[in-house]
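Have a look at the structure below before the remarks.
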Amino acid sequence: MAIPTDGQQPEELVRVQDLVVHYPVRSGVFRRISAWIKAVDGVSFSIREGETLGLVGESGCGKSTVGRAMLRLKDPTGGKVMFNGVDILKLPTNELKPIRRNMQIVFQDPYSSLNPRKPVADAILAGLKIHKVGAIEERYPMVIDALQRVGLEEYYASRYPYEFSGGQRQRIGIARALVLRPKFIICDEPVSALDVSIQSQVLNLLRELQQELSLTYLFIAHNLSVVEHISQRVAVMYLGKIVELTGSQALFEEPLHPYTRALISAIPRPRPGNKRERIILSGEVPSPLNPPPGCHFHPRCPWADSHCAQADPPLREVRPGHWAACWKIEG
Amino acid sequence: MQTIEAINPQRSPKEAPGKKAGVGLTAIVWRRFRRHPGAIAGAIVLSIIVLSCTLAFLSPYDPYRSDITSRLEPPSLAHPFGTDQLGRDLLTRCLYGGRISLLVGALVVLVTLIIGVPVGALAGYLGGWVDDVLMRIIDAALSLPVLLILILLSAILREVELPAFERNNVVLIALVIGALSWMTVARLVRALFLTLREQEYVTAARALGASSLLIMSSEILPNSFGPIIVESTLEIGWAILEESGLSFLGFGIQPPTPSWGNLLNGAQEHIITHPWLAIFPGVMIFLTIISVNYIGDGLRDALDPYKVLKQIAEV
């Protein structure tokens, strides 16, 4: 499958190609594999250096699984994840370690992602110890530097996670990822567990850090307005597949895929009266255990016809730099 | 921001450092432990027992020298616990016996932890075939008839003359009891590791590139200390009882060396006529076990993560 790009010839940092993650469903006395959950079913995208790619979709569409499979935190069934030209899915575990220094993750839940028995400094220090960064006496200043970069003072270093609020914990999680000076950070719904007032603080922090340290982000979220705020390009996932991928502005101004159109029409508007047509999808998201044949979206799609129920539409470039997987889009 | 801090100064982060910086988890656990009256009483009683056993040499009596003139005396000022059938002071023998019994208890716990924690940790963390194999071994070990094995062992060891199997080898006895009782700890640790390995801080450690060994030892194990400590305290009491049973079967500590177990066994013939011979060692065992259990109870409450969280919410 072609890799969706936006036409500009970029310095590509990360490229995901036909990533597939299937989970076996076991049943019966002998725990035989009776079915497969197709969590991620052939996802491809690339991220340029310094760019933020947003990845949005409903709960259970496989967006978090994409992020975790890219870091080999979950074992992918197939596909390639190229980082700086190296396929990290093929690396043996010992060669993976230097790559991990360059690819980090910020988690959704700021409560369970910090070890309750470790003071903050120890949690951040762990990465430096694992990768033997610097001399031992140089490490503590690096920890403090990471803390200060995320807006926390030095005296917080000896505190335990329970002494912090959700937003502060998320900053600690960011500091933990940051201290290794990675090039690429996967933000796995980093703000969805936070209060709205804190969300924008953390988002702004992530943006500032990106500029200061020239970071590249894969920003996973289910909140479209959050993604619009931070991403240059956005990929929309539905049931394990990318259905649309384009620049952030184009996606919000002119969504092409019927699913994206429904999502965008559902964003609450800050100013009432400014009427917009609300597209309400019928039915529920089908189970990834038994996805519908053809286009996964066809049972809920207002445009679907018999062809959609038979053939799976490929992700193709329908406008320059604007990729969508739908038979009904001209282009 | 400015206005919020002005209205509610407690919320200001600058307020916090001096006030709360020292309150670690250990401090909270200790504070909650102190509030448990049973646990505090248990800790006091146990300290007294341990202290008097270590200071047993201060006794004016020799625990081994018999004195035919004062056989089977009831408790008196000269002999607070009375004397036994050979005229030895029972208090002194109880204290010397306590040294052995407490040592056996502690060593057994050490042995069960040394075997049980790694086995449970590997099974719980790695899962898959490792888990299957280790769990079948645990099942097999649990299905062994403990009593028969002990009787068999004691029969064999009575015949063998090897320095390693010399009588009253406390380490050997602890090894045998430990080898027959590590399975509960292993199962407990496995269950803890099974749940904790799904925590996101474990995933975070993997993303940082931590090895399985590091994750098990520095991320998961510290979070399972609570239940492991509680289980260990309960194990001490059980091991002391088990040693008594072993003495009875002729495998544990053999007279004239006293242990609480064999003091109790030796009192059998005289239990109707001279009940203090059984009562005092029995009371020592009872007090030790009940205090250890209360301490374990207090620790369990103090270390309960949900209660700790509630406590934090109160602070």
Grab the two heavy atoms, one from B/A204 and one from A/S113, that are nearest each other, plus how far apart they are. CB-O, 4.4 Å
If you measure from CE on A/M103 to CG on B/L208, what distance do you get to the nearest 0.5 Å? 13.5 Å
Please determine, among A/L114, A/V106, A/I105, the option with the most heavy-atom pairs under 4.5 Å with chain B. A/L114
Interchain contact, A/R176 with chain B, by part (heavy-atom threshold 4.5 Å): both
Taking the side chain as C-beta and beyond, is there a heavy-atom pair between A/K129 and B/L214 under 4.5 Å? no
If you compare all heavy atoms of B/A210 against all heavy atoms of A/I130, which two are closest, and at what distance to 0.1 Å? CB-CD1, 3.5 Å
Flag if over 12 foreign heavy atoms under 6.0 Å of OH, B/Y294: no
Heavy atoms of B/N223 and A/P116 approach each other most closely as OD1-CG, 3.3 Å
Measure across B/R206 and A/L73 and return the closest heavy-atom pair with its distance rounded to 0.1 Å. NH2-O, 3.0 Å
To check you understand the geometry: which heavy-atom pair defines the closest contact between B/E200 and A/Q108, and what is its length? OE1-N, 4.3 Å
Heavy-atom side-chain proximity of A/K118 to B/E219 below 4.5 angstrom: yes
Checking heavy atoms, do the side chain of A/L180, its backbone, both or neither come under 4.5 Å from chain B? side chain
Heavy-atom proximity to chain A below 4.5 Å, by part of B/S218: both
Do you know the tightest heavy-atom contact between B/Q199 and A/S112? OE1-CB, 3.7 Å
